[in-house]
Amino acid sequence: MAHWLMKSEPDELSIERLAQLKTARWDGVRNYQARNFLRSMALGDTFFFYHSSCPEPGIAGVARITAAAYPDPTALDPHSPYHAPKACETNNPWSAVTVEHVRTFAKVIPLALLKQQSALEELALVQKGSRLSVMPVTPEQWSAVLQLAH
DNA sequence: GCCAACGTTGGC
DNA sequence: GCCAACGTTGGC
């Protein structure tokens, strides 16, 4: 089972909201590198749910993949903020997955704390200039983060 | 194929 | 709100 990290703006979807919903579609990814990681995900993979562009950026909890990648319907929806004008039914380059809530951390693990961990130096999240929103997490990185969770 | 201009991300 | 860094677009 592989591990991942995915970013979401809490205004769009927060870990608390996912806990209410139980399950949600993870869509709107419009970067090819991130999309390719989405497509590498398997049923049962778990990921860190990261809150970005908010007062307290950091890892907020854990969620799980419940459906592997499929065409992202928001790309075809002209009313969606994620509408991709060049995409069509027969040629939709964008992918989505379905996820379910696993765990909300008692406290968000702040980005500043993550940056201090030598075990996380290789994680794209903490690298200067990186904007990747979907990234792999090694088993070692996974346990290093969990040790910071209360 | 180059590269300037532009739009987006996302921390601070 | 600012701005650094990145990705994409489009003229040439």
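Chain naming here is simple, since letters A, B, ... match the order of the sequence lines and numbering starts at 1 in each. Values reported hereafter were calculated over all heavy atoms of this structure, with side chains retained and with hydrogens, waters and symmetry mates removed.
- In this structure, the side chains of A:Leu114 and A:Leu123 stay at 4.5 Å or more apart for every pair of heavy atoms.
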Which donor-acceptor pairs under 3.5 Å do side chains of residues 53-63 of chain A form with protein atoms, sequence neighbours excluded?
none

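- Shown for residues 104-116 of chain A: residues whose heavy atoms fall under 4.0 angstrom of DNA chain B, namely A:Leu111, A:Lys115.
- Residues of residues 77-99 of chain A that place a heavy atom closer than 4.0 Å to DNA chain B do not occur.
- To the nearest 0.5 angstrom, A:Asp72 atom CG is 5.0 Å from A:Asp27 atom CG.
- Contact check for A:Leu146 versus A:Phe48: side-chain heavy atoms found under the 4.5 Å cut-off.
- At most 12 non-hydrogen atoms from other residues, nucleotides or ligands lie less than 6.0 angstrom from CD of A:Glu122.
- Scanning all heavy atoms of the two residues, the minimum distance from A:Ala75 to A:Asn92 falls at CB-OD1, 3.6 Å.
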Mind listing the side-chain donor-acceptor pairs of residues 78-91 of chain A below 3.5 Å, one per line with the distance, residues two or more places apart or on another chain?
from    : atom 1 : to      : atom 2 : distance (Å)
A:Ser80 : OG     : A:Tyr82 : N      : 2.9
A:Tyr82 : OH     : A:Glu12 : OE1    : 3.1

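- For A:Glu100, the salt bridge (charged side-chain N to carboxylate O under 4.0 Å, His left out) criterion is met by A:Arg64, not counting sequence neighbours.
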(request) Test A:Thr46 against A:Arg103 for side chain to side chain donor-acceptor pair (under 3.5 Å), laying out the working first. (result) CA-CA 11 Å; A:Thr46 49; A:Arg103 175 181 176 193; over 6 Å; no
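- Checked options A:Phe105, A:Trp26, A:Trp4; the residue passing with A:Phe49 is A:Trp26 (criterion: ring-ring contact (aromatic ring centres under 6.0 Å, His included)).
- Of all nucleotides in DNA chain B, those with any atom nearer than 4.0 Å to a heavy atom of chain A start and finish, going 5' to 3', at B:dG7 to B:dC12.
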